[in-house]
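FYI, the numbering just counts along the sequence from 1.
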Amino acid sequence: MMVPEISIVIPVYNEEESLPRLFEELYPVMEKLGRKYEIVFVNDGSKDKSFSMLYDFQKMHPHTVRLIDFNGNFGQHMAIMAAFSHVCGKFIITLDADLQNPPSEIPKLVKKMDEGHDVVGSCRKNRRDPFFRKAASRVVNKITNSITGLQINDYGCMLRGYDRRIIDIIANSNESTTFIPALGQKYAVNPVEIVVEHREREYGMSKYSMFRLIRLNFDLMTSFSLSPLQWVTMSGMGISVLSFLLVAYMLIRRFVIGSEAEGLFTLMAIQFFLTGISIMSLGIIGEYIGRIYKQIQKRPRFVIKKIWEEDIDE
């Protein structure tokens with residue numbers, strides 16, 4: 001197996017329905033490029049027939065296909081991180097196995113990397129997802145950009161290209177939780193973002209539930225900024241000032257008008273508001289403490305059972 005110029009990284013988790021079409025579309029695209037390449041699949045603990053299908057495909061194309069098999073399910077980003085530690089190409093492109101981003105868009109990313117861009121992001125054109133999911137993504141993208149200081153228009157699109165230098169930096173990082181597109185953007189010198197086609201999901205269901213999406217965005221915000229903690233601090237200071245003014249007002253009112261009970265419900269509403277702020281603040285602080293806890297555990301981020309590949313000739 002010759003040293004490839006382009007590495008395609010594809011994490012797979014229960015994608016037996018989409019894999020045949022993925023093989024059918026991806027291989028001709030890579031052959032048409034006319035450049036040395038490798039396709040690195042990562043089986044992220046699939047419970048269906050995905051692994052056997054990947055294994056058969058690797059045996060059919062041993063010179064260009066490599067297969068990393070996890071010992072369990074560690075998540076999409078950890079699967080990509082594992083592949084980053086084993087890829088050999090100069091350009092690395094990540095692609096989902098669900099075919100919502102067609103493989104035919106890969107040459108667009110390669111062209112931009114040939115022009116000297118070390119990170120090529122992508123923004124989905126005419127996104128084929130439910131309205132609620134698209135609206136929520138737009139809001140989250142804007143909030144995340146304002147918190148992290150990054151400029152990414154579509155955090156959810158995993159069809160992205162990375163220069164080898166960027167991949168080495170990401171692979172050598174020791175963070176227990178991470179978000180690949182944001183890390184790439186942070187370390188990039190000359191990033192660019194392009195528009196890519198997006199298909200409606202034809203096979204299976206999204207592996208990201210609403211809870212997992214919320215968790216992912218919490219990880220993203222707490223990994224790249226202290227702004228949530230600073231907001232909590234500023235909110236606490238502001239509420240303290242307002243509370244002092246309210247106490248002063250109530251004290252003066254008591255001396256001028258006398259004691260009264262009509263303001264009881266107002267005080268209760270204020271108390272409920274302050275309680276909500278306190279619980280939210282504790283939650284944000286807990287997110288950061290949780291990250292510290294996971295970091296000091298120093299557990300492996302993923303466990304590889306076996307890698308199927310041919311030796312590479314330098």
Side-chain angles (χ1 to χ4, degrees), residues 6-33 37-62 64-70 72-84 87 92-110 122-130 133-134 137 154-161 180-181 195-210 212-213 216 302 305 307-309:
I6 301 171
S7 297
I8 307 297
V9 172
I10 305 177
V12 177
Y13 178 64
N14 294 342
E15 297 286 359
E16 64 176 357
E17 294 178 323
S18 63
L19 284 178
R21 184 174 171 188
L22 175 64
F23 300 152
E24 181 183 334
E25 292 188 18
L26 178 60
Y27 216 78
V29 170
M30 299 310 300
E31 288 292 319
K32 190 175 180 180
L33 281 175
Y37 69 91
E38 66 174 353
I39 304 172
V40 182
F41 290 101
V42 183
N43 177 46
D44 187 22
S46 297
K47 296 178 177 60
D48 59 5
K49 297 179 181 178
S50 294
F51 171 74
S52 61
M53 297 172 70
L54 293 172
Y55 179 82
D56 292 341
F57 189 69
Q58 194 277 330
K59 293 304 178 184
M60 290 173 57
H61 306 280
T64 53
V65 177
R66 305 165 71 193
L67 172 58
I68 300 174
D69 186 28
F70 270 3
N73 178 243
F74 292 89
Q76 180 188 41
H77 290 270
M78 288 301 102
I80 294 174
M81 288 291 286
F84 282 176
V87 292
I92 292 86
I93 296 174
T94 58
L95 175 69
D96 284 336
D98 59 12
L99 285 171
Q100 286 197 271
N101 291 124
S104 58
E105 297 294 282
I106 290 175
K108 292 183 181 179
L109 279 72
V110 174
S122 59
C123 185
R124 289 167 284 191
K125 178 182 178 182
N126 299 324
R127 184 176 172 184
R128 307 294 181 138
D129 282 328
R133 191 154 188 158
K134 291 189 289 186
S137 293
D154 192 348
Y155 281 87
C157 187
M158 291 305 294
L159 177 58
R160 297 176 181 274
I180 304 296
V195 176
V196 295
E197 295 295 331
H198 189 249
R199 295 169 174 167
E200 188 173 354
R201 178 179 290 274
E202 296 183 28
Y203 308 100
M205 299 177 62
S206 173
K207 307 305 184 295
Y208 281 97
S209 63
M210 186 57 63
R212 289 192 67 183
L213 288 173
L216 189 65
F302 49 82
K305 184 189 298 184
I307 301 177
W308 282 266
E309 61 184 348

Discussion item. Nearest 0.5 Å, please: how far is CD1 in I10 from CG in L26?
Written reply: 5.0 Å
Fill in: Test item: D48 side-chain N/O and S50 main-chain N/O as donor-acceptor pair under 3.5 Å
yes
Fill in: Chi angles and distances behind the side chain to side chain contact (heavy atoms under 4.5 Å, CB included) call for K125, V196
CA-CA 6 Å; K125 178 182 178 182; V196 295; over 6 Å; no
Response to the item:
Distance col, row I93:CD1 vs L159:CG, nearest 0.5 angstrom, shows 7.5 Å
Fill in: CG-CZ distance between D69 and F41, expressed to the nearest 0.5 angstrom
13.5 Å
Worksheet item: Do P181 and H77 have side-chain heavy atoms sitting under 4.5 Å apart?
Response: yes
Worksheet entry | Side-chain heavy-atom pair Q76, D44 within 4.5 angstrom cut-off | no
Indicate every side-chain donor-acceptor pair of residues 52-60 with a distance under 3.5 Å to a residue at least two apart or in another chain.
| unit_1 | atom_1 | unit_2 | atom_2 | d |
| --- | --- | --- | --- | --- |
| S52 | OG | K49 | O | 2.8 |
| Q58 | NE2 | V65 | O | 3.2 |

Worksheet entry | Spatial distance of atom CD1 (I39) from atom CG (L67) [nearest 0.5 Å] | 12.0 Å
Fill in: Distance (rounded to the nearest 0.5 Å) between H61 NE2 and E38 CD
15.0 Å
Fill in: Donor-acceptor contact below 3.5 Å, side chain S46 vs main chain F51
no
Worksheet item: Roughly how far, to the nearest 0.5 Å, is the CZ atom of R124 from the CD atom of E105?
Response: 13.0 Å
Item to complete: Would you check if the side chain of T94 reaches a backbone N or O of M158 as a donor-acceptor pair within less than 3.5 Å?
Response: yes
Discussion item. Measuring only between side-chain heavy atoms, which start at C-beta, is Y37 closer than 4.5 Å to Y27?
Written reply: yes
Fill in: Residues which pass salt bridge (charged side-chain N to carboxylate O under 4.0 Å, His left out) with E16, listed by chain and number, not counting sequence neighbours
none
Worksheet item: How would you list, by chain and number, every residue that makes a salt bridge (charged side-chain N to carboxylate O under 4.0 Å, His left out) with K32, sequence neighbours excluded?
Response: none
Discussion item. I want to check something: taking the side chain as every heavy atom from C-beta on, are L99 and E15 in contact at a cut-off of under 4.5 Å?
Written reply: no
Worksheet item: Can you check whether G45's main-chain N or O pairs, donor with acceptor, with N73's side chain at less than 3.5 Å?
Response: no
Worksheet item: Is S7 reaching over with its side chain to a backbone N or O of I92, donor-acceptor style, under 3.5 angstrom?
Response: no
